[in-house]
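Taking it in order: structure first as structure tokens, then the write-up.
Everything quoted here is computed from the prediction, not taken from an experiment. Order of appearance sets the numbers: ligands from 1, and atoms from 1 within every ligand.
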Amino acid sequence: MGLIVQKFGGTSVKDRNRIFNVARIVANTRNQGNDVVVVVSAQGDTTDDLIAKAAEITGDPSHREMDMLLATGEQISIALLAMALQEIGVPSISLTGWQAGFSTDRAYTKARIKRLNTERVESELARNRVVVVAGFQGLNRSEDITTLGRGGSDTSAVALAAALHADRCQIFTDVEGVFTADPRKIPKATKLKEITFDEMLELASLGAQVLNNRSVELAKKYGVELEVLSSINPVPGTVVKEETQVEGMLIKGVAKDEDVAVISILEVPDVPGMSFKVFSLLAQKNINVDIILQSSGRDNCKDVIFTCPKGEAETAMSVLGANKSRFGGGEITINRDVAKVSVVGAGMQSHPGTASTMFEALYSQNINIHMISTSEIKISVIIDKADADKAVAAIHDAFIQ
Ligand code: ASP
Ligand code: MG
């Protein structure tokens, strides 16, 4: 007997059959004696379709109106799921984000949750109802509708679980959990039983799209244990928590990110303040710089090389080009045919030799490394995009049996 928050993504509620499938999962959880709060996303591709509709009207929609539009997707799902639950005999009620007490800041289309007043949800639970809440949406101080950014329903679910002191927060999706690599590409990839919040955050930001990043941050902050599992296959998923059992697993995952460009500024004068000048220009343009490399000086010059997302590379090139006189330097080049391949695992903190195993795997495939960066629980390399899949397979083989 406990309180469980269950979140179902768009694929899990995409049509009538899937909605009834979700209703049965919820009913089972309730029949085991639990109170259940359900958070749902918009059905299937609804959010994308709504964005496309707005684009038919204008190339530059008002963000406020965008949120007014996008929030409708989740409202369809909550009403249909509440009806399905009632149809199979489970008392239930649907609530929009604001009815469920979500107050956010003013940032339309990427709002952050400020407060969560759970009074209404609790009173509905006390009336023995399953409460079905629209994810991804809230209300700002002007009582205007806001949305939390793409994939924001995960965050809604974790926030509810934290505020209600739920015993568990289950994120149901169309994969069975978190894998050691993309199982569509690496057939040997295995499902993880457990992963830490920190490892999950690294993997999430490296493009393993199972959980929204912010939801993991929030779960870590409030100690909400998450479980990622399939809404189709009733098998145990992956538990995300603060600390995991030491099971001798050095590496939890190998991830590939192709959304990377490498920009090189050659022959920058080797004097104090040059890096500051370069990177403050990029900061002013909100460029997300990731890996930075600076060559050792020669002939009073050095090369400054960095990576950023492909979508920001054009802006980076133009701001650097336009301000070249400020930092001097020669040619500025860009390479978009690269990928970042990373290994993630808290175990590497206490295991020397992780980097050398990774580099050996790359060497065995004759893959050249352009850049390397490390953190406590992650090693990333920048390599040619053409080599990326081969690299992931070789590294996965080297670490995970
Ligand atoms: N429906 C929203 C989206 O597609 C929110 C979510 O799915 O979590 O981004
Ligand atoms: Mg969605």
Hey, mind stepping through Thr155 and Ser215 against side chain to side chain donor-acceptor pair (under 3.5 Å) and telling me if it holds?
CA-CA 4 Å; Thr155 310; Ser215 73; 4.8 Å; no
A student checking ligand 1 against Gly151 at a 4.0 Å heavy-atom cut-off should list atoms 3 (C), 5 (C), 6 (C), 8 (O), 9 (O)
May I have all residue pairs that pass salt bridge (Lys or Arg N to Asp or Glu O under 4.0 Å) and include part of residues 86-96, sequence neighbours excluded?
none
Of all the heavy atoms in Gly10, does at least one lie under 4.0 Å from an atom in ligand 1?
no
Thr47-ligand 1 polar pair, N/O distance under 3.5 Å
yes
N/O of Ser153 under 3.5 Å from N/O of ligand 1, yes or no?
yes
Going by the side-chain contact (heavy atoms from CB on, under 4.5 Å) test, name the single residue among Gln284, Lys285, Glu314 that passes it with Val319.
Lys285
Flag the pair Glu312 and Lys310 as a salt bridge only when some basic side-chain nitrogen lies within less than 4.0 angstrom of an acidic carboxylate oxygen.
no
As an exercise, identify every atom of ligand 1 less than 4.0 angstrom from a heavy atom of Arg150.
3 (C), 4 (O), 9 (O)
Using side chain to side chain donor-acceptor pair (under 3.5 Å) as the criterion, list what pairs up with Ser103, not counting sequence neighbours.
none
